[in-house]
Amino acid sequence: MKRFIPILLFGCFLLPAQFHRAEQDREISYWLLDPASHQFRISHDFTITRAGQKYVHSFVRKGSVVTPDAVILNLDTGHKLKTTNVSGKEVNALGYYPTPTDPDSVVVQGELEKPVEEGQSTRVRVQETYTDPVGYTVANGELVWTRTLGRPINRVTLPSGWILVSVNTPAIVALDDEGRLTLRFSNIRNDELAVTIKARRKPS
């Protein structure tokens, strides 16, 4: 009588050598400062995957002026990158981006410690302060902040001591850990949200 010995076959799956982490650039946060200063801070993260890329960029919107204290962090190493302000023309010459920017625009440029290697990526965080005397004003004792928001998730935090009067588009309203009022805007469309926020000081 023949004996049958069971043979177990294990499938062998070859994984690609490159681990491609999520390029999460869906969120941006704004913190409104004293409206008399016309200033607000922003912070957002993104991932660089282009092999050979040495510089990262934050494009300053027309009408806003970025202060010299802009910070770009390499989140993989914790190092602060050397930053300079360059022109849109200089950025276009690098050939990194499929859509050219305004050659006369201002761009904050961060220099990576080394170019991105093939199959690798670098995660960075941009922290900047903008001055916008047109989009961030005080009228009749009310703070007025107007801006188009292009990310799927946008958070705007009011200055301490200010309460919401009105907002022209739906938002989730909450308090942050410091008791400041925060509005969360979700944009599921392919265009930008034109947002106007009005607030006033809390009664003393």
So which heavy atom on Pro35 is nearest to which on Trp162, and how close?
CG-CZ2, 3.6 Å
Can you name the nearest heavy-atom pair linking Ser121 to Thr47, along with the distance?
CB-CG2, 3.8 Å
Between [atom1] on residue [X] and [atom2] on residue [Y], distance to nearest 0.5 Å:
X: Thr49; Y: Glu118; atom1: OG1; atom2: CD; answer: 10.0 Å
X: Lys80; Y: Leu73; atom1: NZ; atom2: CG; answer: 7.0 Å
X: Thr122; Y: Lys114; atom1: OG1; atom2: NZ; answer: 8.0 Å
X: Asp102; Y: Ser87; atom1: CG; atom2: OG; answer: 9.5 Å
X: Trp31; Y: Leu158; atom1: CH2; atom2: CG; answer: 13.5 Å
X: Glu128; Y: Ile72; atom1: CD; atom2: CD1; answer: 6.5 Å

Test: Arg123 and Asp76 ion pair at under 4.0 Å:
no
Could you check whether any side-chain heavy atom of [X] comes within less than 4.5 Å of a side-chain heavy atom of [Y], counting everything from C-beta outward?
X: Ser43; Y: Arg125; answer: yes
X: Val173; Y: Leu164; answer: yes
X: Ile197; Y: Val144; answer: no
X: Thr129; Y: Val66; answer: no
X: Gln127; Y: Arg41; answer: no

Using the rule that Ile, Leu, Val, Met, Phe, Trp and Tyr join whenever any side-chain heavy atoms are under 4.5 Å apart, tell me whether [X] and [Y] fall into a single cluster.
X: Val167; Y: Trp145; result: yes
X: Val108; Y: Val106; result: yes
X: Val116; Y: Leu81; result: yes
X: Val91; Y: Val60; result: no
X: Val165; Y: Leu175; result: no

Taking atom types as modelled, is there a side-chain donor on Gln39 or Thr131 under 3.5 Å from an acceptor on the other?
yes
Do Thr148 and Arg61 get their side chains close enough for a donor-acceptor pair, meaning under 3.5 Å?
yes
Please name all residues satisfying ring pair (Phe, Tyr, Trp, His ring centres under 6.0 Å) with Tyr97, sequence neighbours left out, ordered by chain then number.
His57, Phe59
Tyr130: which residues meet the ring pair (Phe, Tyr, Trp, His ring centres under 6.0 Å) condition with it, sequence neighbours left out?
Phe40
Identify, with sequence neighbours excluded, every residue that meets salt bridge (Lys or Arg N to Asp or Glu O under 4.0 Å) alongside Asp69.
none
All salt bridge (Lys or Arg N to Asp or Glu O under 4.0 Å) counterparts of Glu113, not counting sequence neighbours
none
Applying side chain to side chain donor-acceptor pair (under 3.5 Å), name anything that partners [X], two or more places apart in sequence or on another chain.
X: Asn92; value: none
X: Asn168; value: none
X: Tyr30; value: none
X: Ser160; value: none

Look only at the side chain of [X] and the backbone of [Y], and say whether a donor-acceptor pair between them is shorter than 3.5 Å.
X: Tyr55; Y: Leu94; result: no
X: Lys62; Y: Ser105; result: no
X: Thr137; Y: Val134; result: no
X: His38; Y: Asp132; result: no

Worked check of side chain to side chain contact (heavy atoms under 4.5 Å, CB included) between Val195 and Arg147
CA-CA 6 Å; Val195 171; Arg147 196 168 181 87; 5.9 Å; no
Provide the full list of ring-ring contact (aromatic ring centres under 6.0 Å, His included) pairs with a residue in residues 180-204, sequence neighbours left out, each pair given once.
none
Which residues end up grouped with Ile172 if you chain together Ile, Leu, Val, Met, Phe, Trp and Tyr wherever their side-chain heavy atoms are less than 4.5 Å apart?
none
Can you pull the side chain to side chain donor-acceptor pair (under 3.5 Å) pairs that have at least one residue in residues 173-187, sequence neighbours excluded?
Thr157-Thr182, Asp176-Arg180, Arg184-Ser186
With sequence neighbours left out, write down each residue that passes side-chain contact (heavy atoms from CB on, under 4.5 Å) with His44, or none if nothing qualifies.
Ile28, Ile42, Phe46, Ser58, Val126, Arg151
Does atom NZ of Lys198 have more than 12 heavy-atom neighbours, drawn from other residues, nucleotides or ligands, at distances under 6.0 Å?
no
Would Asn85 and Val107 satisfy side chain to side chain contact (heavy atoms under 4.5 Å, CB included), going step by step from the backbone distance to the final call?
CA-CA 6 Å; Asn85 287 359; Val107 184; over 6 Å; no
